[in-house]
Amino acid sequence: MKRPIEKRFVWLNGEIVPLDQAKINILSPTSQFGANVFEGIRCYWNEENKQLYAFRLREHYQRLKNSIKIFRMEDKYSVEEMQQGLIDVIKANEYKEDIAVRQTVFIDGFGSWMSKGPIGMFIAPVPKPRTASLTKGLRCAVSSWERISEKNLSPRVKVGANYINSRMAQMEALENGYDSAIFMNSQGKISEGPGSCLFIVRDGVLMTPPVTASILESITRETIIKLAREVLNIETIERDIDRTELYICDEAFLCGSAMEIAPVTDVDGYTVKNGEVGEITMKIHKEYLKVVAGKSSEYQKWLTPIYDI
Ligand SMILES: Cc1ncc(COP(=O)(O)O)c(C=O)c1O
């Protein structure tokens, strides 16, 4: 049964409530300063097995724990509690389709930007269909905004406030007629997109900036590296990438839990190869969607079934 969005259930501080009854204090540090850390988790419906699979939950909760630690927040919830909350709220909504789940741990109460608690958590699952095909590529611009760095606001922490940097780059790109942006870091090397990581292909070699290039330690990025090496036999390296390599590469794509794999066919007005979605990009996209939907026996270990069947 489909409910209107405001009647869908969310999990807030241990209770499952309709979205329009989930309230957060407007004076809390999360509301005033973006003092929250979060994960965007995908769950994919497998029609054959009549099962919904959460993708790489263990890795998402490890990253959330890392964000909590670096950000010096009280560590209130165990991984088991976080996972149980996610399962309970998905079941409450009876979702039998592809969904995206926002799981956010936030600083509540009446403190300031330097409070460590009290801690709240919400878990909000919403329907989100997968990208069906890769017919059209993105036109991207290298941003005039520099990616945040370890010297100011670590991109390794998935904190709400980091997205102001992403917002500036994305808004600039849209204003200038592009679809999205690609950041350079403080070293002048390519880092990532506003909400995604970047791969390019040169002479058959798949390349992506290292985790020290001012990027989020993306779970999709790590998944793609493993699938490329272990299943597709594509040589894959993590190394610094220069801006002008984007102008002469054979293929480029952005990736993330939300966007999955999105080909980039133009950077700063330079057409990537012939402007069509590349062969390696298509192979990776196909393999990725097979794995996330539970159609690869080898990678079942990355999936958590939601329903008891
Ligand atoms: C800045 C940034 N980089 C990369 C990613 C991709 O990370 P993941 O693959 O874990 O979703 C995201 C996703 O939200 C992001 O916000």
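As the structure lists them, so they are numbered: ligands from 1, and atoms in each ligand from 1. Atoms considered below: every heavy atom in the structure, side chains included; atoms not considered: hydrogens, waters and symmetry mates.
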Say whether [X] and ligand 1 are in contact under the criterion: heavy-atom distance to a ligand atom below 4.0 Å.
X      : answer
Pro155 : no
Cys197 : yes
Lys158 : yes

Looking only at distance, does Arg221 have an N or O less than 3.5 Å from an N or O of ligand 1? no
Nitrogen or oxygen of Gly40 less than 3.5 angstrom from that of ligand 1: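 No.
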Compare every heavy atom of Arg42 with every heavy atom of Ala100, then report the nearest pair and how far apart it is. CB-CD, 3.8 Å
If you compare all heavy atoms of Ile123 against all heavy atoms of Met82, which two are closest, and at what distance to 0.1 Å?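 For Ile123 and Met82, the tightest heavy-atom pair comes out as CD1-O, 4.0 Å.
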Does [atom1] in [X] sit with more than 12 non-hydrogen atoms of other residues, nucleotides or ligands closer than 6.0 Å?
X      : atom1 : value
Arg167 : CZ    : no
Arg243 : CZ    : yes
Glu150 : CD    : yes
Trp302 : CH2   : yes

If we check side chain to side chain contact (heavy atoms under 4.5 Å, CB included) with Ile215, which of these qualifies: Arg156, Arg147, Glu192?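 Only match with Ile215 under side chain to side chain contact (heavy atoms under 4.5 Å, CB included): Glu192.
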Using ring centroids (six-membered ring only for Trp), state whether Tyr299 and Tyr53 fall under 6.0 Å. no
Nearest-contact summary for atom 12 (C) of ligand 1 - protein heavy atom, Å: Gly195 O, 3.3 Å
Measure the distance from atom 3 (N) of ligand 1 to every protein heavy atom, then report the residue, atom name and distance (to 0.1 Å) of the closest one.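 Ranking protein heavy atoms by distance from atom 3 (N) of ligand 1, first comes Glu192 OE1, 2.7 Å.
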Which atoms of ligand 1 have any heavy atom of [X] under 4.0 Å away?
X      : answer
Tyr163 : 14 (O), 15 (C), 16 (O)
Ser257 : 8 (P), 9 (O), 10 (O), 11 (O)
Ser196 : 2 (C), 3 (N), 4 (C), 5 (C), 12 (C), 15 (C)

With a heavy-atom distance limit of 4.0 Å, tell me whether [X] approaches ligand 1 through its side chain, its backbone, both, or neither.
X      : result
Arg147 : side chain
Ser166 : neither
Arg63  : side chain

Carboxylate-amine/guanidinium proximity below 4.0 Å for Asp250 and Arg202: no
